[in-house]
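Along the sequence shown, residues are numbered consecutively beginning with 1. What you see below is based on every heavy atom in this structure, not just the backbone, and it leaves out hydrogens, waters and symmetry mates. Order of appearance sets the numbers: ligands from 1, and atoms from 1 within every ligand.
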Amino acid sequence: MVLEGKITSIDEIFSQGLKIREVGVVDSLIPGLKQEVLHIGLVQKQTDAGEKSRFKALVLVGNSNGYFGLGSGKAKQVRNAIEKGTVDAKLNIFPIRRGCGSWQCGCGENHSVPFTVIGKCGSVTVELRPTPKGVGVVAGEVAKTILSFAGIKDCWTRSLGSTRTIPSFAAATSNALKSTYRIMTPKDWTG
Ligand SMILES: [Zn+2]
């Protein structure tokens, strides 16, 4: 549908509830998408032939303007794991609802999260709370990178659990961003 010109923006895909099946769709509809390898881990697997180890790459993509995706890929070589992870991240891309959200600020611009959101993964819980403009992202390095890729400039974060486990922490942060669209506010009911 993208090739036929029936769909011309990434927003249309999500507003119509369509699923992205090809990376090319993401590349053509979201120009300026950045990617970063967040973590490389070693996965050991016991097989008949002995121990097999593979690399697992955790990759994030984003346009720093409301679109973000997290993905992972496993392969014998690091480079291939990163390639697979990048494809996975692009296919997992999702829109983030941003807003001002802070009663102390009230500027109405999309610089923070619209309200407090919580995301979980395993034992890790991440909370994102709106802050006034200019506060910046108050978080550790991993959350800072994720929120910058998502296009959130000001935000307070709080986390619980084994937050040093980067894959779980990143997934929990990503889940918190996802729930900006899951939660409806009274403002949306009338709109
Ligand atoms: Zn504001």
Side-chain angles (χ1 to χ4, degrees), residues 7-18 20 26-39 58-71 89-121 124-161 163-164 166-191:
I7 289 188
T8 51
S9 84
I10 189 84
D11 295 330
E12 277 177 67
I13 292 185
F14 286 98
S15 63
Q16 293 179 27
L18 302 170
I20 298 173
V26 179
D27 288 331
S28 66
L29 294 183
I30 314 180
L33 201 63
K34 292 184 299 177
Q35 66 175 78
E36 190 166 311
V37 179
L38 205 59
H39 183 73
L58 190 66
V59 181
L60 54 94
V61 295
N63 68 346
S64 299
N65 196 17
Y67 275 98
F68 171 82
L70 182 69
K90 285 181 179 175
L91 295 178
N92 283 336
I93 208 158
F94 63 88
I96 294 135
R97 186 151 140 209
R98 295 171 297 162
C100 174
S102 165
W103 59 269
Q104 298 110 307
C105 183
C107 73
E109 286 168 34
N110 287 333
H111 64 95
S112 189
V113 282
F115 34 73
T116 300
V117 284
I118 290 172
K120 285 182 187 187
C121 178
V124 184
T125 302
V126 171
E127 184 183 317
L128 308 175
R129 211 181 277 189
T131 66
K133 213 173 183 176
V135 170
V137 172
V138 185
E141 277 314 305
V142 174
K144 259 189 186 162
T145 308
I146 291 175
L147 294 172
S148 121
F149 269 63
I152 288 175
K153 295 185 185 83
D154 305 291
C155 180
W156 269 313
T157 62
R158 211 166 59 123
S159 49
L160 293 167
T163 52
R164 275 193 221 164
I166 293 175
S168 305
F169 180 74
T173 311
S174 168
N175 287 336
L177 288 173
K178 253 183 209 160
S179 49
T180 56
Y181 262 110
R182 258 188 230 128
I183 300 167
M184 298 289 271
T185 65
K187 227 160 95 185
D188 301 317
W189 303 341
T190 52

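Identified under the salt bridge (Lys or Arg N to Asp or Glu O under 4.0 Å) test for residues 130-156, with sequence neighbours left out: E109-K133.
Side-chain contact check for V117 versus L177: every heavy-atom pair is 4.5 Å or farther apart.
Excluding waters, the count of protein N/O/S atoms less than 2.8 Å from the Zn ion (ligand 1) comes to 4.
Formation of a donor-acceptor pair under 3.5 Å by the S64 side chain with backbone atoms of S148 is found in this model. The closest donor-acceptor contact from the side chain of T116 to the backbone of R129 lies at 3.5 Å or more, if one exists at all.
We find the CD1-OG1 distance between I152 and T157 to be 11.5 Å, quoted to the nearest 0.5 Å.
Across all non-hydrogen atoms, the minimal contact from I93 to F14 is O-CZ, 3.1 Å.
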